[in-house]
Amino acid sequence: GFVGCNPPPPRLGSGLTRRQAREPIVTAETEPLASLAWLVEAGADEAMSDAPANRFAVAKLAPPKPALSVELPKGSQARREIAPTEGDPIGSAINLARAAQSLAELKAALESFDGCGLKRTATNTVFADGNPASRILFIGEAPGRDEDKQGQPFVGRAGKLLDKMLAAIHLDRSRAYITNVINWRPPDNRDPSPEEAAMCLPFLRRHIELVNPEVMILLGAVAMRHVVGKTDGIMKSRGRWIEYNVSGRMVPVMPTLHPAYLLRQPAHKKLAWRDLQAVEQKIASLHLLERMAAEG
Ligand code: URA
């Protein structure tokens, strides 16, 4: 039985006590007893907790819980005010690049972008060189030491060889446009990491859209990997036209060997020269030099 309770009053056949049957059951004083009787009636025969709990005292209300069961992260209110490159640098790169309406705006956007760690160790942002109106776009890998110092692509030894490659097909920097996948020099000229490339790629995509080329030449495996996503080796892919979608228009792309590689493997220059012949033919068939001359 209940500890400290009197035995329940005798019951009538209806299950009510004599008193319940006789008079209104619930008053301020009788309610606790009536509840107890009800519990006994229902078969309760022992107290469950060691200490008695006064269920009739007004409970102290806990502060109301927010409607959402998931607590909002601390400082979530301030999130909108955080500098745009924090948190999602690739998303910021996409937004910055998309907003650029001219090459000058894109260059300024790159210079204001702090999401890529390479910028911290670089001296300059290396954007592009040559004539953007030429519609003939060469894409290299990343600036080296000389490029980082001068803020211009392909000005070191590899750049001198690139100039010779251009001259071999009657081009120069006034009749071609040159940029890189990566806009800041990787320390010790190491390969850019996938993250570093991912942060530069939105700018490169927009760069290509704004230049709106008729022909593209990818210099080396890094450019091929990041521009067209091909990872099967430059030796295998070089010399064969592939395509790149520029704002809905398919543009012919020639992957070839990088001039820095050719400096190390001069025996392979003849392969690159062969690829460049194909580029020259394409330029001729599209009348690009005549069109450039006509456009002034
Ligand atoms: N190598 C590249 O890929 N780009 C440069 O600008 C210089 C060297």
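Just follow the structure's listing: the first ligand is 1, and inside any ligand the first atom is 1.
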Seminar exercise, completed: For atom 4 (N) of ligand 1, the closest protein heavy atom turns out to be Asn180 OD1, 2.8 Å

Problem set entry | Contact atoms of ligand 1, heavy-atom distance to Glu141 under 4.0 Å | 2 (C), 3 (O)

Exercise. So between Gln150, His258, Glu147, whose heavy atom ends up nearest atom 7 (C) of ligand 1?
Worked result: Glu147

For this session: Identify, by atom number and element, the atoms of ligand 1 in contact range of Gly140, meaning under 4.0 Å from any of its heavy atoms.
Result: 3 (O)

For this session: Answer yes or no for Gln152: is there a heavy-atom contact with ligand 1 below 4.0 Å?
Result: no

Seminar exercise, completed: For Pro153, the atoms of ligand 1 under 4.0 Å from one of its heavy atoms are 6 (O)

For this session: Return yes when atom CZ of Arg120 has more than 12 non-hydrogen atoms of other residues, nucleotides or ligands closer than 6.0 Å, and no otherwise.
Result: no

Exercise. Are the side chain of Asn245 and the backbone of Met250 linked by a donor-acceptor contact shorter than 3.5 Å?
Worked result: no

Exercise. Please state which protein non-hydrogen atom is closest to atom 2 (C) of ligand 1 and give its distance, to 0.1 Å?
Worked result: Ala142 O, 3.1 Å

For this session: Flag yes if more than 12 heavy atoms outside Asp188 fall under 6.0 Å of its CG atom; otherwise flag no.
Result: no

Exercise. For ligand 1, is any non-hydrogen atom under 4.0 Å from Ala223's backbone (N, CA, C, O), its side chain (CB onward), both, or neither?
Worked result: neither

Exercise. Just checking, is any N or O donor in the side chain of Thr125 or Asn183 under 3.5 Å from an acceptor N or O on the other one?
Worked result: no

Exercise. Taking atom CZ of Arg145 as the centre, does the number of heavy atoms from other residues, nucleotides or ligands within less than 6.0 Å exceed 12?
Worked result: no

Exercise. Above 12 or not: heavy atoms from other molecules or residues under 6.0 Å from CZ of Arg157?
Worked result: no

